[in-house]
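Quick note: numbers below take in every heavy atom, side chains included, and nothing from hydrogens, waters or symmetry partners. Each ligand, and each atom within it, is numbered from 1 in the order the structure gives.
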Amino acid sequence: MGKAALLAAVLALAPVPALAEPLLLISIDGLRPGDVTDADTRGLAIPNLRRFLTQGAHASGVTGVLPTLTYPSHTTLMTGVAPAAHGIWSNTTFDPTGINQGGWYWYAQDVRVPTLWEAASKAGLSTGNVHWPVSVAAKGVTWNLPQIWRTGHADDARLLDALATPGLKAELEGVVGAPYAMGIDESLAADENRGRFAGAMIAAHKPQFLTVYLAALDHEEHATGPGSPQAKATLERIDAIVGDLVAAELKAHPDAVIALVSDHGFQATHTAVNLYRPFLDEGLITLGKDGKVDSWLAMPWLSGGSAAIMLARPDDAALRDRVKALLDRLAANPAHGIARVMSPRDIAAMGGNPRAAFFIDLAPGFVTDIFRGADAPMLSHSPVRGMHGYAPGPAALQSTLMLIGKGVAKGKDLGQVDMRAIAPTLAKLMGATLTGEQAPIDLR
Ligand SMILES: [Zn+2]
C-alpha cells in the first residue's frame with residue numbers, strides 16, 4: 001500500500017470528530033416538566049425557562065430511578081447508571097443506630113463509576129461545580145464548591161473552606177462581595193447567592209463544563225406542596241437566576257450548550273407512615289434506656305416516599321420470612337398506604353439498592369416518617385405537604401430535561417427520556433467518553 005492509500009485508509013477508519021462544545025449543566029431540584037411546558041395554564045411567568053422549548057430541545061418527561069430522591073438521581077445524571085451501579089442508594093447513608101447526625105451521601109468517594117466531571121477532565125476540558133450533590137472530593141473537578149453541611153453552625157463555613165478547591169471560595173467571595181451561602185441553606189436567597197457565585201466562576205475561570213445546583217424549589221414544594229402559590233413564586237425567581245447564568249455562559253462561551261435538568265417530580269402528601277412502629281412491636285428493633293436504637297434485626301432505611309428494608313443478617317432465611325410476613329400483613333391494610341412490597345428481584349429490575357432485602361413503595365399522598373421514639377403512632381398527619389422518593393413511573397414523579405445551544409435542534413420534542421441516557425448524551429456533546437446504561441439521545 002502506497003503512502004497516499006495508507007493515509008486514506010487511516011482517515012476512513014478515524015472516528016467522526018467529536019462535537020466538543022462547552023457545557024453548562026443546571027439542576028433545579030424538583031422541577032416538574034409540566035411547570036415549563038404548561039407554564040401559561042399554570043400561571044407561571046418563566047420566560048428564561050420557556051425559551052428552552054422554542055429555541056432548544058426538551059423531553060416531554062424523564063423517567064427517574066429508584067428511589068426518586070435527590071442524591072441517587074443527581075448521581076445517575078452524572079454517571080448514566082442506576083443507583084445499583086453507582087452506589088448512592090438514598091440521600092442519607094445507612095445509620096441504623098442513629099450515630100451519624102443525619103449525615104448524607106456527601107462524599108464522591110462513595111460513587112463507584114466514572115462521573116461526567118471525570119469524563120470531561122479526561123477529554124481535556126476544565127470543569128467547575130457549584131453545590132451539585134455528592135461532590136465532596138469529586139475527581140476531575142478543577143474548581144469545586146462542593147455540597148456539604150453539618151449543623152448549620154458558623155463553623156460549617158470553615159468546613160467548606162477546607163473541602164472546596166483551595167483559595168476558590170475566598171477568591172469568589174471577593175468578586176461577589178458577599179459570603180458564600182451555607183451548605184444547609186436551601187432558601188431562595190441561597191440559590192440567588194450560588195447563582196452569583198456560579199456567574200463569578202464562569203467570568204473568572206470559564207470552566208468548559210460547569211454544574212450548578214439550585215435547591216429552593218424542592219424546599220418550597222416540600223413545605224407548601226407542588227404547585228402551591230409559594231412554589232410558583234419561587235420558580236419565577238429561579239427563572240431569573242437561570243437567565244443570568246445563561247447570559248454569563250454565552251458571554252464566556254458563545255458556542256456553549258446549556259442543559260437544564262431536574263432530579264424528580266413531586267406528589268402532594270397527607271399522611272406520615274411510621275414504619276418503626278411495627279418493627280418495634282415485633283421485636284425487630286430494640287431501644288435502650290435512652291430511647292435510642294440499641295439493637296436491630298431489621299431496619300427501614302428511609303427514602304421519602306419509599307424505604308429499603310435492611311436485615312442485620314441478610315442470609316438468615318428465617319429472619320427474611322418473618323420480616324416478609326410482617327410487611328405483607330401491613331400492606332394488606334390500605335390505611336397504611338403501602339402500594340407495593342418489592343422483592344430483591346423487583347428492586348434489581350429497577351436498578352435500586354442491591355443490599356435491601358425488601359423495598360416498600362408508598363401510595364401517593366403517604367410519606368415515610370422519621371424515627372420519633374418509642375411511643376410514636378404508626379400513622380399521623382404528614383409534616384410536609386409534598387414528597388418524592390417513590391418508585392419511578394407515575395407522571396407526577398417525572399423530571400425535566402431541556403437543552404439549548406450549538407448543535408441542538410430548535411423546538412424539538414425528545415419524547416420520553418430515561419434518566420440514564422442524559423449523562424452519555426452530555427458526554428458526547430463535550431467530546432468526552434462516558435459509557436452509561438443507555439445510548440445517547442439524538443438532539444439534532
Ligand atoms: Zn431533589
Exercise. Counting distance only, does the side-chain N/O of Thr224 pair as donor-acceptor with the main-chain N or O of Glu221 below 3.5 Å?
Worked result: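 No, because the side chain of Thr224 does not come within donor-acceptor range (under 3.5 Å) of the backbone of Glu221.
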Exercise. Strictly under 2.8 Å, is any N, O or S atom of His388 next to the Zn ion (ligand 1)?
Worked result: no
For this session: Tell me, please, if Thr70 has any N/O/S atom, main chain or side chain, under 2.8 Å from the Zn ion (ligand 1)?
Result: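 Yes - counting backbone and side chain alike, Thr70 has an N, O or S atom under 2.8 Å.
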For this session: Verify the neighbour count for atom CZ of Arg50: are there more than 12 heavy atoms of other residues, nucleotides or ligands below 6.0 Å?
Result: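 Enclosed.
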Exercise. Salt bridge or not for Asp35 and Arg32, using N-O below 4.0 Å?
Worked result: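 Salt bridge: yes.
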Problem set entry | Residues that Glu192 engages under salt bridge (charged side-chain N to carboxylate O under 4.0 Å, His left out), provided they are two or more places apart | Arg237
Exercise. Which N/O/S atom belongs to Asp263 and is the closest one to the Zn ion (ligand 1)?
Worked result: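 Sorting the N, O and S atoms of Asp263 by distance to the Zn ion (ligand 1) puts OD2 first.
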For this session: Specify which N/O/S atom of Asp29 comes nearest to the Zn ion (ligand 1), by atom name.
Result: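 Atom name returned: OD1.
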